[in-house]
Amino acid sequence: MTAPDGATAGTVLVLNCGSSSIKFQLIHPDTAESVAHGLIERIGEPEGRIVFHHTTGTEESLGPIADHRAGLRVVLDMVEGLGRSLHEAGIVAVGHRLVHGGGLFYAPTLIDDAVVHAVAELSALAPLHNPANVIGMEVARAVLPDIPHVGVFDTAFFHDLPAAAATYAIDREIAAAHGIRRYGFHGTSHEYVSRRAAQFLGREYSDLDQIVFHLGNGASAAAIAGGHPIDTSMGLTPLEGLAMGTRCGDVDPGVLMHLKRSAGMDVEAIDDMLNHSSGLKGLCGVNDFRALHRLVEEGSADAKLAYDVYVHRIRKYLGAYMIELGGVDVIVFTGGVGENNADVRWDALAGLERFGIAVDRVANKAHESGERCISTPESEVRVLVIPTNEELAIARAADALAKSLSC
């Protein structure tokens, strides 16, 4: 498991602490070379899973991981096991993916005690993610106190949304007092993927109008005009918008009051339902697309409806964003589902030839990875699959800030 001598020098350690998982990568920001990466998932469940990819192979193990602190300790031990102690590994910065920056943070930010406290205070806006982000910062800063820790915020890309898109039609004084606006999420992914799409096509970023679908267990859409986002599906929290793995996406706010009055559910119970047992899981009992497709093949009406709701919501946002943009040059799919599920891509864009959108069935079904075009040569709108690499984007942002501090 020992890396070649010097392999970790000049790297950035990227930490992405999710609600029940930790992703990490040790990466050279200049060359995009990954020295090691891994995933710890099912934190807090009876049997967690650890996957570690490094220069000499892949290791996988199962076992209980009590909480995020225990999981981070495993991550740091694995990185240290690459050959040197963490303090001698040549890591130049730690980049933290932070979900909600509220109105405070919209650029890569050097993490200090005040930033940790502020992110914790914003947990009400991202209760699944910010608490885990806080633990990640606390543990990593304690273990690596002498190198810069940089926060890169999911909300940053959407900070300058047009006011008409960012504003909710509620009492303006209440909204101002409580920081209520559309913040948007997956911004690091949307920006990275949309820039890569322009490079893939050999076009200027500023010349393209794009719609990007980041489809994973969390899912979001973004309309990007000439490199500037003009709308996105997630809102004050990551709960709004597309149907997701366990999250409801768009729902009539009256449903919430109805559940309180008719079902006697309190705020915590409603919040838990909307975040943890809605979306695909709420409709058919599973939130993994492999399991969903098996249920559909077995004839499950609930699974078929869940799939149809998922695709319907994508098509609804596609149509809305095409109108907002006044036409679209490129549609991009990314994320675990967007990159790997040909059925979702096909069904989301089926029958749209009159709008200049035509997917090539063979190209779409091809078992390929990497950046690729799946539209027909005749399609006026290019349809691309661009794997996201949030870790690389975070590593480069952290490295740039670290270098600026040393100047």
Side-chain angles (χ1 to χ4, degrees), residues 1-18 22-40 50-59 71-98 105 107-112 115-116 133 135-154 156-157 187-189 191-193 195-196 199 370-371 386-407:
M1 193 168 87
T2 301
D5 187 49
T8 58
T11 56
V12 174
L13 174 61
V14 177
L15 295 176
N16 180 350
C17 294
I22 301 171
K23 296 179 184 177
F24 69 94
Q25 188 161 178
L26 194 62
I27 188 168
H28 287 281
D30 294 332
T31 65
E33 178 191 0
S34 176
V35 175
H37 65 279
L39 168 68
I40 296 179
I50 301 170
V51 181
F52 183 37
H53 306 274
H54 49 83
T55 54
T56 58
T58 299
E59 300 174 27
L72 277 161
R73 188 64 261 175
V74 171
V75 168
L76 295 170
D77 286 347
M78 287 190 294
V79 172
E80 190 165 75
L82 287 170
R84 301 189 221 169
S85 73
L86 285 172
H87 299 285
E88 300 171 337
I91 298 171
V92 297
V94 179
H96 296 259
R97 182 223 178 188
L98 303 179
F105 304 109
T109 301
L110 183 67
I111 295 170
D112 56 19
V115 171
V116 175
N133 295 164
I135 294 171
M137 290 186 286
E138 290 176 343
V139 173
R141 289 178 70 220
V143 175
L144 294 167
D146 299 323
I147 61 174
H149 290 250
V150 178
V152 178
F153 291 85
D154 252 19
F157 185 52
T188 306
S189 176
E191 182 175 19
Y192 174 84
V193 167
R195 288 186 181 278
R196 287 300 309 164
Q199 292 168 357
E371 300 174 352
I386 304 288
T388 191
N389 195 337
E390 294 170 280
E391 288 81 8
L392 177 58
I394 292 168
R396 286 176 170 168
D399 182 56
L401 183 56
K403 286 177 178 175
S404 72
L405 295 172
S406 63
C407 291

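Note that the numbering runs from 1 along the sequence shown for the chain.
In this structure, Gln25 CD and Asn16 CG are separated by 11.0 Å, a value rounded to the nearest 0.5 Å. Note that CG of Leu392 is 11.5 Å distant from OG1 of Thr188, once rounded to the nearest 0.5 Å. Summarising the geometry, atom CZ belonging to Arg73 is positioned 11.5 Å from atom CD1 belonging to Ile22; distances are rounded to the nearest 0.5 Å. Of the inter-residue distances, the one linking Ile27 atom CD1 with Ile394 atom CD1 reads 10.0 Å to the nearest 0.5 angstrom. Distance check: Cys17 SG to Ile40 CD1 gives 9.0 Å after rounding to the nearest 0.5 Å. Taken from CG in Leu98 to OG1 in Thr109, the straight-line distance is 8.5 Å, to the nearest 0.5 Å.
Two residues are said to be in side-chain contact when any heavy atoms from C-beta on lie closer than 4.5 Å; Leu110 and Val115 fail this criterion. Annotation: side chain of Val150 is not in contact with side chain of Val12 (no heavy-atom distance under 4.5 Å). Looking at Val94 and Ile111, their side chains never come closer than 4.5 Å, going by heavy atoms from C-beta outward.
When the ring-ring contact (aromatic ring centres under 6.0 Å, His included) test is applied to Tyr192, no partner is found at least two apart in sequence or on another chain. With sequence neighbours excluded, no residue satisfies side chain to side chain donor-acceptor pair (under 3.5 Å) with Asn133. Among residues two or more places apart in sequence or in another chain, the ring-ring contact (aromatic ring centres under 6.0 Å, His included) test is passed with Phe24 by Phe52. Shown here are the side chain to side chain contact (heavy atoms under 4.5 Å, CB included) partners of Glu138, two or more places apart in sequence or in another chain: Arg69, Val116, Val134. Residues passing the side chain to side chain contact (heavy atoms under 4.5 Å, CB included) test with Glu33, sequence neighbours excluded: His28, Thr31. Residues that satisfy the salt bridge (Lys or Arg N to Asp or Glu O under 4.0 Å) test with Arg396, not counting sequence neighbours, are absent from this structure.
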Problem set entry | Derivation and outcome, side chain to side chain contact (heavy atoms under 4.5 Å, CB included), residues Asp30 and Asp399 | CA-CA 9 Å; Asp30 294 332; Asp399 182 56; 4.2 Å; yes

Exercise. Yes or no on side chain to side chain contact (heavy atoms under 4.5 Å, CB included) for Leu13 and Ile147, after CA distance, side-chain angles and deciding distance?
Worked result: CA-CA 11 Å; Leu13 174 61; Ile147 61 174; over 6 Å; no

Exercise. For Met78 and His54, what are the C-alpha separation, side-chain angles and deciding distance, and is it a side chain to side chain contact (heavy atoms under 4.5 Å, CB included)?
Worked result: CA-CA 10 Å; Met78 287 190 294; His54 49 83; over 6 Å; no

For this session: Evaluate the criterion side chain to side chain contact (heavy atoms under 4.5 Å, CB included) for residue pair Glu390 and Asp154; output intermediate values, then yes/no.
Result: CA-CA 10 Å; Glu390 294 170 280; Asp154 252 19; 4.3 Å; yes

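Minimum heavy-atom separation, Pro148 to Leu405: CB-CD1, 4.4 Å. For Pro108 against Ala397, the heavy-atom pair with the smallest separation is CG-CB, 3.9 Å. Residues Ala140 and Leu15 come closest through the heavy atom pair CB-CD1, 3.8 Å.
Side chain of His149 to backbone of Leu144: a donor-acceptor contact under 3.5 angstrom is found. The main-chain N or O of Ala402 is never found under 3.5 Å from a side-chain atom of Ser404 such that the two would form a donor-acceptor pair.
Between Lys23 and Glu391, none of the side-chain N atoms (NZ, or NE/NH1/NH2) sits under 4.0 Å from a carboxylate O, so this pair counts as no salt bridge.
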